[in-house]
Amino acid sequence: MLELKNIHKTFNLGTINEKKALCGIDLHLKEGDFVTVIGGNGAGKSTMLNAITGVWPVDEGTISIDGVNVTAVTEHKRAEFIGRVFQDPMMGTAANMEITENLALAYRRGERRTLKWGVTKAERVHYREELKKLGLGLEDRMSVKVGLLSGGQRQALTLLMATLRKPKLLLLDEHTAALDPATAQKVLELTDSIVEENRLTTLMITHNMTDAINHGNRILMMHAGNIILDISGEEKKNLKKSDLLQKFAELAGVQEETDSVLLS
Amino acid sequence: MALLGYFSSLNPLNLLASLPGNIAQGVIWGIMALGVFITFRLLDFADLTVDGSFATGGAVTVVLILAGVPAPLALAASVAAGMLSGLVTGLLHTLLGIPGILAGILTQISLWSANLLVLSGANRAVNVDNYKLIVSLRNVNSAIITATVIVAALISILYWYFGTEQGSAIRATGSNPHMSKAQGINIDSMKILALCLSNALVALSGGLMSQYQGFADIKMGQGSIVVGLAAVIIGEVLGEALFRKRMNFWLRLVFVVLGGVIYYLVIGVVMWLRMPTDLLKLLTAAIVAIFLAVPYLRAKAKSSFALAGKRGAQKDA
């Protein structure tokens, strides 16, 4: 479903702040894969996601989604294939538009914006059903401006918006990091059920190792712009936090006591 | 004594007589304010093109009418000229990466030259006796009615447009560009569309104004952005006060135009008080600054460091 071949990206090339953010990433995601990504600050996790969504063009390598080479495709056109949830709950929704309007915008992802009416009656019924599934009571507040919702509610809504029109790829960039633990748990449960129900190919970045182990069928560890560990199947199921820390120490060539690098 | 003399010299009848004229001007400027509303409120883009495109609308209209073109067609041409001005600002901003405010200023400055060329001078008069004009201060009542009908049509069109997929995409772009891109919206196109639409309205307003006053002048657009903002903000404050949460999009548009009317009524009173007209722009800027500052200061009054300190001190005591 997703194919990254030898992706390179360097920021501020030729300046004192030059930073090799991605150093030849190769990654292949099968349809229905739910992959969690861990790694310290500056490991290249978000950079990899940004490369896939097309925030900027990559320096080298190719990106294909479902067999289509999208390396030269701009961000808003790639959006046709990709559903995204950001770390910042403010980023995924339009604060001064209604819940319904936000959903209607998301429902038209990848389509031309025509002069047809922005939200149809049939859509409202459909959105109501979908909002009910979130279990947050948002179905009764559909004409409320999104800016009035809490961070957790906005993140749940963003998740729904990202998947309302089934994406070929769902990208979650630490989407629970800004939430309190209970809300984060709730949003993660929603994530699991939505991904499972729609059998979505998913890439989820997280800072929480336990979450990374408990969710998905495959785990990637990144360090210094490379994928240094890739575990799936049975091995992933039996994985423990201590194993991960040990592996990180071995592979990244750092001492175990500096595991804060991974946890931070 | 001097003060008494001043007040006794003011004739309330004069104020009354000037009211209709001010209302007509206010409605015509209200169209301009609708344009400012689109960029300033919906797109979140302070577009300074309007000082130029307002005069462009006036210049194109007058020159074409003088050349024998029927007034409605001349107005249509000025709308097109306004769109073109918006397009230039939009391309400067999106294609060439020039910051929004600067892009607007660059277009505004170049329009000054363009308007001089169009007018072949600093101003051109068009006499209502020799040409069939849509509005004229010679017949203020009919001008008010005509302008109001045009405004009603424009508000209906805008209400419809910003409810469509495209209009929603423009509003989303103004509200959250990150989210818009993630939802597949081409935010550059949306910005250009909104700038074209906004400046089309501004030029239409300029075209009507030039007919109303009977001439187009190179300086007629100067400071119009501030007048437009004043109308938008006065309308919002008034609308919120009267309708509070029931303020929907429809009412917001209506109140933008009402803001323009109120602005010109205030100007009328100021003139009636025989305050020096040189001070008009200063006064307008002060009004806008005050109305922009009030919501901010109100919020601050509810939660400020000084207040927090006081509360803390009370608890300790």
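Every heavy atom of this structure was used, including side-chain atoms; hydrogens, water molecules and symmetry mates were not. Model, not experiment: these values are computed from the prediction.
For H8(A), the NE2 atom counts as densely surrounded, since its 6.0 Å shell holds more than 12 non-hydrogen atoms of other residues, nucleotides or ligands. The 12-atom threshold is not exceeded at OH of Y107(A), counting heavy atoms of other residues, nucleotides or ligands nearer than 6.0 Å. Enclosure of atom CD in E111(A) by more than 12 non-hydrogen atoms of other residues, nucleotides or ligands within 6.0 angstrom is indicated. Residue-environment remark: NZ (K166(A)) exceeds the threshold of 12 foreign heavy atoms within 6.0 Å.
Closest of all the heavy-atom pairs between S175(B) and A95(A) is OG-N, 3.4 Å. Residue W160(B) comes nearest to W117(A) through the heavy atom pair O-CZ3, 3.4 Å, listed as atom of the first residue, atom of the second, then distance.
Using a 4.5 Å cut-off on side-chain heavy atoms (C-beta onward), R113(A) and I170(B) make no contact.
Put simply, CD on Q183(B) and CD1 on I82(A) are 12.0 Å apart, with the number rounded to the nearest 0.5 Å.
Both the backbone and the side chain of K116(A) come within less than 4.5 Å of a heavy atom in chain B. Y161(B) touches chain A through its side chain: at least one heavy atom from C-beta onward sits under 4.5 Å away, while N, CA, C and O do not. In this structure, chain B has no heavy atom under 4.5 Å from any part of R78(A).
The pair E75(A)-K181(B) counts as a salt bridge, with a side-chain nitrogen and a carboxylate oxygen less than 4.0 angstrom apart. Comment: E101(A) engages R171(B) in a salt bridge, judged by a side-chain N to carboxylate O separation of less than 4.0 angstrom.
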(request) Under the side-chain contact (heavy atoms from CB on, under 4.5 Å) rule, what do T164(B) and T114(A) come out as? Steps first, then yes or no, please. (result) CA-CA 7 Å; T164(B) 65; T114(A) 67; over 6 Å; no

(message) Under the criterion side-chain contact (heavy atoms from CB on, under 4.5 Å), I'd like the reasoning laid out for H76(A) against N186(B): C-alpha separation, chi angles, the key distance, then a yes or no.
(response) CA-CA 6 Å; H76(A) 72 269; N186(B) 186 344; 3.4 Å; yes

(request) Begin with the C-alpha distance, continue with both residues' side-chain angles, and end with the deciding distance and a verdict on side-chain contact (heavy atoms from CB on, under 4.5 Å) for M179(B) and L105(A). (result) CA-CA 10 Å; M179(B) 170 268 196; L105(A) 285 165; 3.7 Å; yes

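A donor-acceptor distance shorter than 3.5 angstrom exists from the side chain of N176(B) to the backbone of T93(A), with no hydrogens or angles considered.
Of the listed residues (R108(A), R165(A), E80(A)), the one with the most heavy-atom contacts under 4.5 Å to chain B is R108(A). When each of M97(A), R84(A), M161(A), M90(A) is scored by its heavy-atom pairs under 4.5 Å with chain B, the top score falls to M97(A).
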